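Report on the following structure.
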Amino acid sequence: MNEKILRIRHSFSHVLALAVKRLYKDVKLGIGPAIDNGFYYDFDFAQPLKEEELSKIEDEMRRIINSEQEFIGEEWEKEKARKYFFKLGEKFKVELIDDIQGDKVGIYKNGEFIDLCKGPHVKNTSELKKAAFKLSSIAGAYWKGSERNPMLTRIYGLAFENQKKLDEYIKFQEEAAKRDHRVLAKQLDLYSVNEYVGPGLILWHPNGATIRLEIENFWRERHLASGYKFVYTPHIGRDNLWKTSGHLGFYKDAMYSPMKIDEINYYIKPMNCPFHIQIYKSKTRSYRDLPLRWAELGTVYRFEKAGVLHGLLRVRGFTQDDAHIICSREQVEEEVERVLNFSLNIWDVFGFKDVKAYISTKPRDAIGDEELWHKAEKSLMLAVEKENLKYEIDEGGGAFYGPKIDLKIKDAIGREWQTTTIQFDFNMPERFQMEYSGSDGKLHRPYMIHRALLGSLERFFGILIENFAGAFPTWLSPVQVYVLNITSEQERYAKSIYDKLIENGIRTEVDFSTEPISGKIRAATLLKPPYILIVGKKEMEKNLISIKIRGNKNIYDIDLNDFISKIKEEIKTRKLTLSY
RNA sequence: GCCGACGUAGCUCAGCGGUAGAGCAAUCGCCUUGUAAGCGAUAGGUCAUCGGUUCGAAUCCGAUCGUCGGCUCCA
């Protein structure tokens with residue numbers, strides 16, 4: 001965000017605060033910063049605010065802007081500011097002042113409104129006249145972002161330099177809404193969630209399952225080629241396992257209630273790690289066995305709070321493309337580098353070229369000694385640099401049990417998604433006393449790296465739907481070819497084409513209905529298959545086909561065998577673009 | 001979990017105190033068609049659930065469940 005728009009947005013938030021102050025006498029103020037698409041301000045209302053009241057507030061904001069108020073920045077003695085806001089009963093402002101270091105605080109005035117603020121602002125509200133804004137929504141937001149604090153009412157506004165930019169933004173949002181995986185899932189019959197089954201639990205319909213199967217096949221193929229081995233583990237485990245792993249201590253809130261069998265509590269797994277570790281511990285391991293790379297499409301269940309569920313992106317039951325790499329100290333760097341490289345190769349196949357890394361380092365309340373962390377962090381940095389990835393470092397942002405790399409990928413319309421995570425775990429090897437005999441004849445504790453590349457199949461599927469806007473590359477398309485006959489005279493011919501495609505392993509549907517061809521094309525097109533084959537009298541006489549290619553290009557008089565060999569090649573090589 | 005909005009046919013939505021509606025989809029006819037919607041008919045609903053107010057509730061009120069936009073959290 002550049003300085004100019006920052007000033008504009010931040011000034012809007014003060015105008016909003018003043019408008020609300022004028023309209024609601026006993027309201028108290030939280031904070032009101034500029035954000036990526038505009039601004040917000042947090043309020044403590046005596047009465048709940050209704051959405052329909054926003055237009056009234058907008059009107060008042062326009063009046064304020066048109067009255068050409070000057071923004072005046074001042075520095076006050078902290079004590080003076082404290083007294084001023086205390087007298088007004090602005091308890092949140094007082095709290096902020098108390099948090100500020102030093103003995104001076106920034107103050108901005110516009111009209112009768114005085115706010116604690118560092119700025120920057122425009123010089124005069126008249127500068128906001130040519131800018132465009134719109135109050136967009138009301139939301140609850142915890143004071144200082146903590147669940148333990150009271151919830152304030154946040155009013156969000158969109159704000160841009162001019163109307164054109166605001167319109168562009170709104171248009172972009174509409175474009176994004178069209179790609180919404182929850183909407184496309186209905187249209188393309190991909191998956192559903194169902195009140196009977198339960199919120200956050202995904203039913204994969206045949207079309208969605210087809211895509212998942214293709215992803216899984218690809219995933220397995222690549223893992224085998226990268227030196228991984230596969231394991232399968234149960235869905236539930238006894239309480240002692242989760243006690244040792246520590247999950248019953250720090251993760252219990254996210255776990256489903258136990259079921260009692262023979263007086264022992266069994267828990268549904270929220271993670272796969274403890275099971276993989278038990279496989280490791282099933283025999284004595286030698287340094288010669290390392291590194292071990294064990295992967296599993298492990299289905300886990302986590303009790304996510306009701307308010308956070310979101311389509312495929314946040315669910316309660318999901319399948320992680322999980323793997324654990326267990327290696328020696330000497331192998332750490334190479335293993336991290338391998339995982340990162342492997343991950344980037346996978347993203348490439350799905351067409352995600354713009355990848356950014358985020359490295360999180362040791363937090364204050366970490367376990368594991370300094371040397372362990374240092375070695376791990378260094379290996380993460382080296383790997384990222386070797387791959388020439390753009391990266392940011394989140395200092396102290398790691399989990400208590402180890403540092404990590406997260407990858408974010410950019411989709412077709414520029415949105416970022418968090419996917420791959422590569423995490424060191426110093427906790428589990430310790431808790432489960434994992435060991436191997438080294439060449440020195442002594443027992444050593446291995447390093448354990450936990451990683452998920454796609455994240456979860458559910459979330460990844462959601463990202464894929466939005467990225468391709470439902471128009472999947474051929475290898476992933478649930479229906480790769482739609483065959484349409486123009487009149488019933490070509491029914492047998494169309495059937496013979498359908499049969500041949502099916503024999504060749506191409507996912508094909510055929511529509512024999514006697515609707516006009518334009519109607520059949522429309523119906524088929526809505527399902528977004530890469531290819532629609534159309535056969536009428538002319539094609540049948542010549543024993544050829546016509547093809548309508550997704551994106552609306554038509555080609556005529558094609559030999560079916562040529563088409564089949566081309567599409568098979570396209571599928572086999574997992575091409576992202578269509579062959580014609 | 002918290003704040004706000006919303007739940008009417010498979011889907012998209014109208015109706016908002018006085019006997020449940022439309023379009024699409026489905027089914028059955030007719031039509032035999034040349035690149036994004038041919039015509040007609042039929043069927044489909046305890047208006048999320050439970051309770052209250054009322055002579056009368058899809059409509060007003062309350063609770064519960066679910067969905068959506070945020071907050072917190074997160075693969």
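In what follows, every chain begins at residue 1, and chains take the letters A, B, ... in the order their sequences are listed. It should be emphasised that the depicted structure is a prediction, and the values quoted were computed from it without experimental measurement.
Across all strands shown, B/G45 has no partner, as no Watson-Crick or G-U wobble contact with both distances under 3.5 Å is found. The nucleotide B/C65 finds its pairing partner in B/G7, both defining distances of the Watson-Crick or G-U wobble pair being shorter than 3.5 Å. The pairing partner recorded for B/C2 is B/G70, the criterion being a Watson-Crick or G-U wobble arrangement whose two distances lie under 3.5 angstrom. B/A22 and B/U12 make up a base pair, with Watson-Crick or G-U wobble contacts both under 3.5 Å. B/C60 is paired with B/G52 under the criterion used here, namely a Watson-Crick or G-U wobble arrangement in which both key atom distances are under 3.5 Å. B/G40: Watson-Crick or G-U partner is B/C28, with both key distances under 3.5 Å.
A donor N or O paired with an acceptor N or O is found under 3.5 Å between the base of B/G1 and the side-chain atoms of A/Tyr142. For A/Arg316 against B/C74, a side-chain-to-base donor-acceptor contact under 3.5 Å is absent. Between the side chain of A/Glu195 and the base of B/G7, no donor-acceptor pair of N or O atoms lies under 3.5 Å. With hydrogens and angles left out, the side chain of A/Arg302 and the base of B/C74 share no donor-acceptor pair within 3.5 Å.
Among the atoms of the strands shown, base atoms are found under 4.0 Å from some heavy atom of A/Val315. At the heavy-atom level, A/Tyr556 lies under 4.0 Å from base atoms of the strands shown. The residue A/Ala139 sits close to a base: some heavy atom pair falls under 4.0 Å. Residue contacts for A/Lys537: at a heavy-atom cut-off of 4.0 Å it reaches a base atom on one of the strands shown.
Comparing the same atom, C1', in B/G7 and in B/A63 gives a spacing of 16 Å after rounding to whole Å. Between the C1' atoms of B/G44 and B/C61, the separation comes to 32 Å (whole Å). Separation of the C1' atoms belonging to B/C74 and B/C47 is 37 Å when rounded to the nearest angstrom. Rounded to whole Å, the separation between the P atoms of B/A43 and B/U27 comes to 16 Å. Nucleotides B/G10 and B/G18 are separated by 31 Å at their C1' atoms, to the nearest Å. Comparing the same atom, C1', in B/G38 and in B/U32 gives a spacing of 11 Å after rounding to whole Å. The same atom, C1', is picked in B/A57 and in B/A48; the two are 16 Å apart, to the nearest Å. Across the P atoms, B/A37 and B/G15 are found 29 Å apart, a figure rounded to whole Å.
Closest-nucleotide positions on RNA chain B for A/Gln320 and A/Gly198 were compared, and the one nearer the 5' end corresponds to A/Gly198. Each of A/Glu147 and A/Gln418 was matched to the nucleotide of RNA chain B holding its nearest heavy atom; the match closer to the 5' end belongs to A/Glu147.
Contact between the side-chain N/O atoms of A/Lys186 and the OP1/OP2 oxygens of B/U12 is found at a separation under 4.0 Å. Within the 4.0 Å cut-off from OP1 or OP2 of B/C68, at least one side-chain nitrogen or oxygen of A/Arg182 is found. OP1 or OP2 of B/C74 has not a single side-chain nitrogen or oxygen of A/His310 nearer than 4.0 Å. An OP1 or OP2 oxygen of B/A5 is reached within less than 4.0 angstrom by no side-chain nitrogen or oxygen of A/Ser137.
As rounded to whole Å, 13 Å separates atom C1' of B/U67 from atom CG of A/Asn194. Straight-line distance from the CG atom of A/Asn485 to the C1' atom of B/C31: 15 Å, rounded to whole Å. A/Glu304 has its CD atom 15 Å from the P atom of B/U72, to the nearest Å. Straight-line distance from the CE atom of A/Met255 to the C1' atom of B/C73: 17 Å, rounded to whole Å. The CD-C1' distance, from A/Glu489 to B/G34, rounds to 13 Å in whole Å. What separates CZ of A/Arg459 from P of B/A75 is a distance of 7 Å, to the nearest Å. Atom CD1 of A/Ile35 and atom P of B/G70 are 10 Å apart (whole Å). Rounded to an integer number of Å, the gap from CD1 of A/Ile202 to P of B/G66 is 15 Å.
Nearest to the side-chain atoms of A/Val308 among the listed nucleotides B/G1, B/A75, B/G38 stands B/G1. Of the listed nucleotides (B/A36, B/A75, B/U32), B/A75 has the atom at the smallest distance from the side chain of A/Arg314. Each of B/U72, B/U67, B/U35 was ranked by its minimum atom distance to the side chain of A/Lys548; first place goes to B/U35. The side chain of A/Lys538 lies closest to B/G34 when the candidates are B/A37, B/G34, B/U35. Considering only the side chain of A/Ile486, B/G34 comes nearest among B/G1, B/G34, B/A36.
Aromatic ring centroids of A/Tyr228 and A/Trp219 lie 6.0 Å or more apart. Checked against the 6.0 Å centroid threshold, A/Phe218 and A/Phe350 count as a close aromatic pair. A distance below 6.0 Å separates the ring centres of A/Phe400 and A/Phe250. In this structure, A/Phe352 has its ring center at least 6.0 angstrom away from the ring center of A/Trp417. Checked against the 6.0 Å centroid threshold, A/Tyr41 and A/Phe39 do not count as a close aromatic pair.
Proximity of a side-chain donor or acceptor of A/Lys528 to a complementary backbone N or O of A/Phe472 within less than 3.5 Å is not detected.
Look at A/Phe318 and the base of B/A75; the rings stack, centres closer than 5.5 Å and planes less than 30° apart.
Aromatic ring pairs are classed by plane angle as parallel below 30°, tilted from 30° to 60° and perpendicular above 60°; the pair A/Phe563 and A/Tyr580 is parallel.
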* Asked: When you look at A/Ser192 and A/Asn194, which way does the side-chain hydrogen bond (donor to acceptor under 3.5 Å, both in side chains) test go after all the steps?
  -> CA-CA 6 Å; A/Ser192 62; A/Asn194 176 302; 5.9 Å; no

